[in-house]
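Everything numeric in this text was worked out from a predicted model, so none of it was measured.
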Amino acid sequence: MLFSSSLSCTQSSKQDLPTSVPTCIAYLQSCARSSDHKKGKELHSWMLKSDFLSSRLSITSLINMYSKCRTMRYASSVFEMSTSLHNVYIYNAIIAGCVGNDLCEEGFDLFVRMRYQGVMPYKFTFPCVIKGCLEEFKVKKVHGLLLKLGLESDVFIGSALVSSYLKYGELDIVHDVFNELDERDDVLWNTMINGCVQMGKFDLVLDMFRQMSEDGVSPSNFTFTGVLSALSMNEDLNNGKAIHGLELKKGYDSTVAISNALLDLYGKCNPSNF
């Protein structure tokens, strides 16, 4: 057992300790934000002593705090010691903690365990699960479940699927997922554009950029950086100049990333000027 009911704090500090579960949760969130594992662990001991651990919110908050403090040994212990309370929110917290701490295999195994225990995942479960899939067949299994549950058109889930399938070079599946989404924000468009750049599909980058404009989504500086990278690698000076003109119009040319991308473009396409 990793925890005991003893609390190593002075009598004066005890007067400042929370006296209710909601206050404890607020304190735990503060510890998570500041990555203060020592205070978080102290508060955990106080909650154990005060019988505040019968609340699912307490368990979820403790797991989140330990995960943010990068002490997954403690987060896992909290999870395993609260099996009678397990619900979708507690599972979401431990899966997100594992994936966020690069324990992707453990995170996926917990998702499988969640399913075996009859705990129904919901839309906020899946982005982390998809991110934690280290093999393509796992992504496809999760995708199949999403189709059964009717969640494949959610923008956050779709973004995760797009990122994963791009990683495996499954461009046809990426387009199918992308086209089925109800909403496509600039982050998702940027993911598509940068994915095409990484796969060397430079001609598709301009098509994606045009579709983005037709969709009424304003490009960001990240969009322009991705498009310029593609044009630079493809040595497409004419379109590069056109994108540069659009940047000037939108006022993005002053950012460091875009300035560097422009230098790279003109250096490769017209080196005599450098």
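Although no hydrogens or angles enter the test, the distance criterion places a donor-acceptor pair under 3.5 Å between the side chain of T223 and the main chain of S220. Proximity of a side-chain donor or acceptor of N260 to a complementary backbone N or O of L263 within less than 3.5 Å is not detected. At least one donor-acceptor pair under 3.5 Å links the side chain of S229 to the backbone N or O of T225. Remark: side-chain polar atoms of H143 are not paired, donor with acceptor, to backbone N or O of E152 under 3.5 angstrom. Side chain of W46 to backbone of C24: no donor-acceptor contact under 3.5 angstrom is found. Distance alone, capped at 3.5 Å, places no donor-acceptor pair between the N101 side chain and the L103 backbone. Using modelled atom types, no side-chain atom of T23 and backbone atom of T19 make a donor-acceptor pair closer than 3.5 Å.
Of all heavy-atom pairs between Y66 and G40, the closest is OH-O, 4.2 Å. G158 and L181 get closest at one heavy-atom pair: CA-CD2, 3.6 Å. Between P127 and I157, the shortest heavy-atom distance links the atoms CD-CG1, 4.1 Å. Scanning both residues, I130 and S164, for their nearest heavy atoms gives CG2-OG, 3.2 Å. Residues A230 and V197 approach most closely at CB-CG2, 3.8 Å, considering heavy atoms. For the residue pair A75 and S67, the shortest heavy atom distance occurs at CB-OG, 4.0 Å.
Few gaps surround CG on N179; more than 12 heavy atoms of other groups in view lie less than 6.0 Å from it. Within a 6.0 Å sphere centred on CD of E180, other residues, nucleotides and ligands contribute 12 heavy atoms or fewer. Few gaps surround NZ on K167; more than 12 heavy atoms of other groups in view lie less than 6.0 Å from it. Few gaps surround OH on Y168; more than 12 heavy atoms of other groups in view lie less than 6.0 Å from it.
No side-chain N or O of Y74 forms a donor-acceptor pair with one of H44 less than 3.5 Å apart. With no hydrogens or angles considered, no side-chain donor-acceptor pair links S61 and S58 at under 3.5 Å.
Hydrophobic clustering (side-chain heavy atoms under 4.5 Å, transitive across Ile, Leu, Val, Met, Phe, Trp, Tyr) groups F124 together with V112. Clustering ILVMFWY residues whenever any of their side-chain heavy atoms sit less than 4.5 angstrom apart, transitively, puts M233 in the very cluster that holds I258. Both M120 and L146 sit in one connected hydrophobic cluster of ILVMFWY residues. Membership requires side-chain heavy atoms under 4.5 Å apart, directly or through other members. L166 and F137 fall into different hydrophobic clusters, where Ile, Leu, Val, Met, Phe, Trp and Tyr side chains are chained together by heavy-atom contacts under 4.5 Å.
Atom-to-atom distance recorded for L246:CG and S213:OG is 7.0 Å, nearest 0.5 angstrom. The NZ atom of K68 sits 11.5 Å away from the OG atom of S34 when rounded to the nearest 0.5 Å. For the atom pair OG (S82) and CG (L53), the distance works out to 9.0 Å, reported to the nearest 0.5 Å. With rounding to the nearest 0.5 angstrom, the CZ atom of R33 is 10.5 Å from the CG atom of L28.
Between V88 and M114, the closest side-chain pair of non-hydrogen atoms falls below 4.5 Å. Side-chain contact check for D186 versus M212: some heavy-atom pair is nearer than 4.5 Å. Side-chain atoms of F111 and V99, non-hydrogen and from C-beta on, never get closer than 4.5 Å to each other. V187 places none of its side-chain heavy atoms less than 4.5 Å from the side chain of S159. V129 has its side chain out of reach of P121: every pair of non-hydrogen atoms, C-beta onward, lies at least 4.5 Å apart. For the pair F108/K138, a side-chain contact is recorded, criterion being any heavy-atom separation below 4.5 Å from C-beta on. Between R70 and H37, the closest side-chain pair of non-hydrogen atoms is not below 4.5 Å. Considering only heavy atoms from C-beta on, E183 stays 4.5 Å or farther from F156 through its side chain.
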Test ring pair (Phe, Tyr, Trp, His ring centres under 6.0 Å) applied to Y91 and Y122, step by step:
CA-CA 11 Å; Y91 265 105; Y122 75 135; over 10 Å; no
Is there a side-chain contact (heavy atoms from CB on, under 4.5 Å) between L171 and L204? Walk through the geometry before answering.
CA-CA 11 Å; L171 200 55; L204 289 177; 3.4 Å; yes
Would I243 and F209 count as a side-chain contact (heavy atoms from CB on, under 4.5 Å) here? Give the steps.
CA-CA 10 Å; I243 295 297; F209 184 72; 3.7 Å; yes
Does the side-chain contact (heavy atoms from CB on, under 4.5 Å) test come out yes or no for L43 and M47, once each step is laid out?
CA-CA 6 Å; L43 181 56; M47 293 172 72; 4.2 Å; yes
With side-chain contact (heavy atoms from CB on, under 4.5 Å) as the test, would you mind laying out the steps for I193 and F222 before giving the verdict?
CA-CA 10 Å; I193 287 170; F222 298 108; over 6 Å; no
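Of the charged side-chain nitrogens involved, at least one lies within less than 4.0 Å of a carboxylate oxygen, so that D264 and K268 count as a salt-bridged pair. Ion pair E80/R113 flagged as a salt bridge, since at least one NZ, NE, NH1 or NH2 atom sits closer than 4.0 Å to an Asp/Glu carboxylate oxygen.
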